[in-house]
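The model shown is predicted, which means the values in this text are computed figures rather than measured ones.
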Amino acid sequence: MTNSQLIKRFMPYYKKYKWILLLDLLCATLTTICDLVLPLIVRFITNSAINDLASLTISTILKLGLLYLILRLIDGVANYFMADIGHVMGARIETDMRRDLFSHLQKLPFSFYSDTKIGQLMSRITTDLFDVTEFAHHCPEEFFIAALKIGLSFAILGSINIWLTLIVFMALPVMVLATTYFRRQMRKQMMRSRVQTGEINAQVEDSLLGIRVVKSFANENVEEIKFDLGNSKFLEIKKKTYRYFAGFQTTTRLFDGLMYLLVVVFGGIFMVQGAINPGDYVAYLMYVTTLLTSIRRIVEFAEQFQRGMTGFERFAEILDQPTEYENKENEVELKEVVGEIIFDQVSFQYNDGGDEVLSNIAFNVAAGENIAIVGPSGSGKTTLCHLIPRFYNVTAGKILIDGQDINGLNLHSLRSQIGVVQQDVYLFAGSVYDNIVYGRLDANREQVYEAARLAGADEFIKKLPDGYDTYIGERGIKLSGGQKQRISIARVFLKNPPILILDEATSALDNESERVVQESLKELTKGRTTLTIAHRLTTIKNADHILVLTEDGIVEQGSHSQLLKEEGIYYDLYQMYRELDELNEEF
């Protein structure tokens, strides 16, 4: 996006603070006027001293001094407001943007997170927006002051001598053109810097979250080398950024000297010719100094401006990602669910353009029925179940719940009727109670305790140092795999959904933990429509119906005993997993 496009998108964030912004610009006007009055006072005193010294009385000088003192006091108050309230406005805008970005991230679909590193998103929501505070405050202020000083200076100097004014000011557009290349390169390098910052964040996050694996393989040096590579790349990008910034600064300094040179040479010639007097000449020099001071501030702000633009561009890229919660016309709230599920010739393909993961899948699940889905790895078992709560949308065909196409249902109401227990349990940093009540935030403590009892978790929770208020660490690190799984089951018990998806919920557990968790799951599935993705086939013998899913679709279905009699794929898988279970028991 161009700077003008980005600024146009940024402007709505000023709407809430328009009065603060206007007051800030008023203060900027007052400080500018104070800066521009001094050369006029000096010009008056100089010309009076040369042309009619008798008219220049001490009283006149004191009055001019008092006027300038009053202007400086006004300048001080105005500058204080700009530095305090103006910066707070920038911080508020940054806060609003961070809130909007986080809110939008919550609404993005699974597919977005499948292709995006969390470290990159962390960089966008933190580092990229840090510079927005300064940018949001200084951008209108600095450009307004610069435009005001250039415009008023041109008007004042033009009234003194238009030709000298045109000669001096002709350097400005040339300077803008000369610095364009450096500004564009700075923007390009700062964007690369932002991206690399996100890569470093992602690498650090990946390494620290997997620190136990790193230490178990004694691969600390490997992680340090990986980090050094990313860190060194970041340094090279920063070097190029500062190289272009140095070129930008040098170019503007050369034009500083050029403008002084023009005033000294052509101003001196005009003074010799009588076109201007010594007071006007001094005023010119002072106004050029004021102009150059303003230009230097713009130069110093240029780096910050480019950082702000780059940060906002990355912010806008995320906001432009389509959400999964876009309201559709005539969408229906899913209520009073019985639990019948129909897959009607469903096909699915990821957005990357690869082969179809699922093709023409068709089966029915009666209300309250327990269906098991088995098959080799990569056959699409988890993907199939993820289509029901619309973590992904079907490519073709349709899925019906109680006769209603899920694509026409309100997404929040759909997911509120479905409970998911996954193999990879995620617990939030906080207490046991916090993680269970997450299933239904309006539940009271007694309901949370009851959910834990039903999940078989109440006994071990009470033995923890602080019971339900025990802090369990990041991702529940202080708990065993079986304990974490039972807390996740308690969370689903509390939610009490009519439809349940068990995604290999016990495959990562040892035999003893699996036995306890299986008892919890048996209690959880009572009276609910359940789809179980099974890794250990010995755990789904009592399922009402079993589907065998391969790359060719559903190739076998029936009860456990029926499928064993057929001696097909299910029979082979069952025999293999039974042998594995026996080996595990031996070890």
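In this structure, a donor-acceptor pair under 3.5 Å is absent between the side chains of Thr532 and Thr530. Side chains of Thr382 and Asp503: a donor on one and an acceptor on the other come within 3.5 Å. Tyr17 and Asp96 form a side-chain donor-acceptor contact under 3.5 Å, judged by distance and modelled atom types alone. When only modelled atom types and interatomic distance are considered, Ser480 and Lys484 share no side-chain donor-acceptor pair under 3.5 Å. Looking at Asp100 and Ser103, their side chains never bring a donor and an acceptor atom within 3.5 Å of each other. Between the side chains of Thr470 and Tyr433, no donor-acceptor pair of N or O atoms lies under 3.5 Å. Residues Asn435 and Tyr468 bring no donor and acceptor atom of their side chains to less than 3.5 Å of each other.
Heavy-atom neighbours of Glu317 CD from other residues, nucleotides or ligands within 6.0 Å: above the threshold of 12. The number of heavy-atom neighbours closer than 6.0 Å to OH of Tyr438, taken from other residues, nucleotides and ligands shown, is 12 or below. More than 12 heavy-atom neighbours from other residues, nucleotides or ligands sit within 6.0 angstrom of CG on Asn444. Applying the 6.0 Å contact sphere to CZ of Arg528 captures more than 12 heavy atoms from other residues, nucleotides or ligands. Counting non-hydrogen atoms of other residues, nucleotides and ligands closer than 6.0 Å to CZ of Phe102 gives a total of 12 or fewer. For Glu551, the CD atom sits in a loose shell: 12 or fewer heavy atoms of surrounding residues, nucleotides or ligands are nearer than 6.0 Å.
The backbone N or O of Leu334 sits less than 3.5 Å from a side-chain atom of Ser413, completing a donor-acceptor pair. Although no hydrogens or angles enter the test, the distance criterion places a donor-acceptor pair under 3.5 Å between the side chain of Thr525 and the main chain of Lys522. The backbone N or O of Ala429 lies less than 3.5 Å from no partner atom in the side chain of Tyr471, so there is not a single donor-acceptor pair. No donor-acceptor distance shorter than 3.5 angstrom exists from the side chain of Lys381 to the backbone of Leu549, with no hydrogens or angles considered. Listed for the Glu369 side chain is a donor-acceptor partner under 3.5 Å among the backbone atoms of Ala366. Panel note: side chain Asp544, backbone Asn370; a donor-acceptor pair is recorded below 3.5 Å. A donor-acceptor pair under 3.5 Å is formed between the side chain of Glu556 and the backbone N or O of Ile569. With hydrogens and angles disregarded, no donor-acceptor distance shorter than 3.5 Å links the side chain of Arg390 to the backbone of Leu411. At least one donor-acceptor pair under 3.5 Å links the side chain of Asp402 to the backbone N or O of Gly339. Distance alone, capped at 3.5 Å, is enough to place a donor-acceptor pair between the Gln196 side chain and the Gly230 backbone.
Remark: Ile554 CD1 to Ile373 CD1 distance equals 7.5 Å, nearest 0.5 Å. Note that CZ of Phe227 is 7.0 Å distant from CD of Gln203, once rounded to the nearest 0.5 Å. The distance from the OG1 atom of Thr395 to the CZ atom of Phe348 is 5.5 Å, given to the nearest 0.5 Å.
Between Lys462 and Glu459 there is no salt bridge, since none of the side-chain N atoms of the basic residue sits less than 4.0 Å from a carboxylate O of the acidic one. In this structure, Lys233 does not pair ionically with Asp228, as no charged nitrogen and carboxylate oxygen lie closer than 4.0 Å. By the 4.0 Å N-to-carboxylate-O rule, Asp442 lies close enough to Arg440 to be salt-bridged with it. Asp320 has a carboxylate O that lies under 4.0 Å from a charged side-chain N of Arg9, or vice versa, which qualifies the two as a salt bridge.
Under the 4.5 Å side-chain criterion, counting only non-hydrogen atoms from C-beta, Leu500 is not in contact with Thr529. Here the side chains of Val357 and Ser379 are not in contact, with every heavy-atom distance at 4.5 Å or above. Looking at heavy atoms from C-beta onward, Glu223 lies in side-chain contact with Lys226 at the 4.5 angstrom threshold. Residues Leu384 and Phe363 form a side-chain contact, since some pair of their non-hydrogen atoms from C-beta on lies under 4.5 Å apart. Counting heavy atoms from C-beta outward, Leu21 and Met89 have side chains that approach closer than 4.5 Å. Counting only heavy atoms from C-beta outward, the side chains of Ser488 and Val421 approach each other to under 4.5 Å. Annotation: side chain of Leu400 is not in contact with side chain of Ile406 (no heavy-atom distance under 4.5 Å). The closest side-chain heavy-atom distance from Thr197 to Ile200 is not below 4.5 Å.
Considering only residues two or more places apart in sequence or on other chains, Glu446 meets the side-chain hydrogen bond (donor to acceptor under 3.5 Å, both in side chains) condition with Arg453. Here His560 pairs with Tyr570, Tyr574 under the ring pair (Phe, Tyr, Trp, His ring centres under 6.0 Å) rule; sequence neighbours left out. Legend: residues meeting side-chain hydrogen bond (donor to acceptor under 3.5 Å, both in side chains) with His104, ordered by chain and number and at least two apart, are absent.
Tyr113 and Leu121 make their closest contact through CE2-CD1, 3.6 Å (heavy atoms, listed as atom of the first residue, atom of the second, distance).
Ring planes of Phe110 and His386: perpendicular class, angle over 60° (limits at 30 and 60°).
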